[in-house]
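Note sheet for the following structure.
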Amino acid sequence: MKYFISDTHFFHENLLGENEFAPRLFDTVEEMNQQMITAWNDVVSDKDTVYHLGDIAMHPKYDRGSAEVLAQLLQLNGKIIFIKGNHDSRAFFKYLAAHDPKLTNGEPKFEFNDVGVIVKFNHHQYYLTHYPMLLGKTVNIRNLHGHIHNYSMPIAEDINVGVDAPERKFLKNALPFGTPISENLIDEIAAYKETEVQRLK
């Protein structure tokens, strides 16, 4: 199974509490971090692949906090394919690659992409990027992205999969904060968003 998530921002204390940009209703970053780990592992198995579309963490010590960020990521199930966000450095990606624990089959647990990835499932082609794309009118192409947190692009084909994305509210069954979105739920979000965009025209 494929899963998608973005903008976890582990350790980002400034996001805690009520705010319009990226509300994180936790008292501490430790509580927030643990919630994201628990929610992730409740749905993702070690056989699954999670596409993380950028902005893994915002540690107060920057690169000197890499070991603490790695400690969070090592608790997450599955293979993780990272797409670089504006808060991810190549130095940090190199650090993760050097400390990759490997999967049980010997393959790397972590994989890295600077710009994006293209995947196909459910009769659609998906461009996975950190920043939302302006695709124009497309047939069977969608953009899964992050970056804009609690905001949504007014384009049906652009789906924000961030942990605090408004598109999560389009799901019939609400996901706990920090849950990666499965490929099976993307169509549900897309159908609802298409209706919403048409309503706003």
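Note: hydrogens, waters and symmetry copies are ignored here, and every other heavy atom, side chains too, is used. For this chain, numbers begin at 1 and follow the sequence in order.
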- Message: Are there over 12 heavy-atom neighbours, none belonging to K102, within less than 6.0 Å of that residue's NZ?
- Response: yes
- Task: Indicate yes or no for a side-chain donor-acceptor contact from N143 to the backbone of M133 under 3.5 Å, with no hydrogens or angles considered.
- Result: yes
- Taking atom CD1 of I148 and atom CG of D7, what is their separation to the nearest 0.5 Å? 9.5 Å
- Item | Sidechain N-carboxylate O distance under 4.0 Å for D63, K94 | no
- Item | Enclosure of E20 CD (heavy-atom neighbours >12, cutoff 6.0 Å) | no
- Message: Does any part of the side chain of N113, heavy atoms only, come nearer than 4.5 Å to the side chain of I81, both counted from C-beta?
- Response: yes
- Does R168 use its side chain to pair, donor to acceptor, with the backbone of I189 at less than 3.5 Å? no
- Query: Is a donor on one side and an acceptor on the other found under 3.5 Å between the side chain of Q34 and the backbone of E30?
  - Reply: no
- Just say parallel, tilted or perpendicular for the rings of F112 and F82, cut-offs at 30° and 60°. parallel
- Does N160 use its side chain to pair, donor to acceptor, with the backbone of A165 at less than 3.5 Å? no
- Would you say the side chain of Q125 lies within less than 4.5 Å of the side chain of N140, judging by non-hydrogen atoms? no
- Query: Do Q72 and E68 have side-chain N/O donor and acceptor atoms under 3.5 Å apart?
  - Reply: no
- Return yes if some donor-acceptor pair links the side-chain N/O of N150 with the main-chain N/O of P23 below 3.5 Å, else return no. no
- Side chains of F93 and I56 in contact at under 4.5 Å (non-hydrogen atoms): yes
- Message: Does the plane of the ring in F92 sit parallel, tilted or perpendicular to the ring in Y95? Use 30° and 60° as the thresholds.
- Response: parallel
- Message: For the OH atom on Y62, are there more than 12 heavy atoms of other groups (residues, nucleotides or ligands in this structure) within a distance under 6.0 Å?
- Response: no
- Task: Answer whether the closest heavy-atom distance between the side chains of E188 and K172 falls below 4.5 Å.
- Result: yes
- Message: Under a 3.5 Å distance rule, please check whether Q35 uses its side chain to pair with a backbone N or O of F177 as donor and acceptor.
- Response: yes
- Would you say the side-chain atoms of S6 pair up with the backbone N or O of L53, donor to acceptor, closer than 3.5 Å? yes
- Task: Report yes if some heavy atom in the side chain of D55 is under 4.5 Å from a heavy atom in the side chain of N86; otherwise report no.
- Result: yes
- L175 side chain near I181 side chain, heavy-atom distance below 4.5 Å: yes
- Is any side-chain heavy atom of L15 closer than 4.5 Å to a side-chain heavy atom of E13? no
- Query: Is R199 salt-bridged to E196, cutoff N-O under 4.0 Å?
  - Reply: yes
- Describe, in one word, how the ring planes of H59 and F11 are oriented to each other, choosing from parallel (under 30°), tilted (30 to 60°) and perpendicular (over 60°). tilted
- Item | N-O pairing of D158 and R142 below 4.0 Å | no
- Message: Any carboxylate oxygen within less than 4.0 angstrom of a Lys/Arg side-chain nitrogen, looking at K79 and E111?
- Response: yes
- Pick one: which of K84, H147, H52 meets side chain to side chain donor-acceptor pair (under 3.5 Å) with H130? H147
- May I ask you to decide if the ring planes of Y51 and F4 are parallel, tilted or perpendicular, using 30° and 60° as cut-offs? parallel
- Message: Looking at G78, is its backbone amide N or carbonyl O close enough to the side chain of D48 to form a donor-acceptor pair, meaning the two atoms are under 3.5 Å apart?
- Response: no
- Using a 4.5 Å cut-off on heavy atoms from C-beta on, say whether the side chain of H145 contacts that of Y127. no
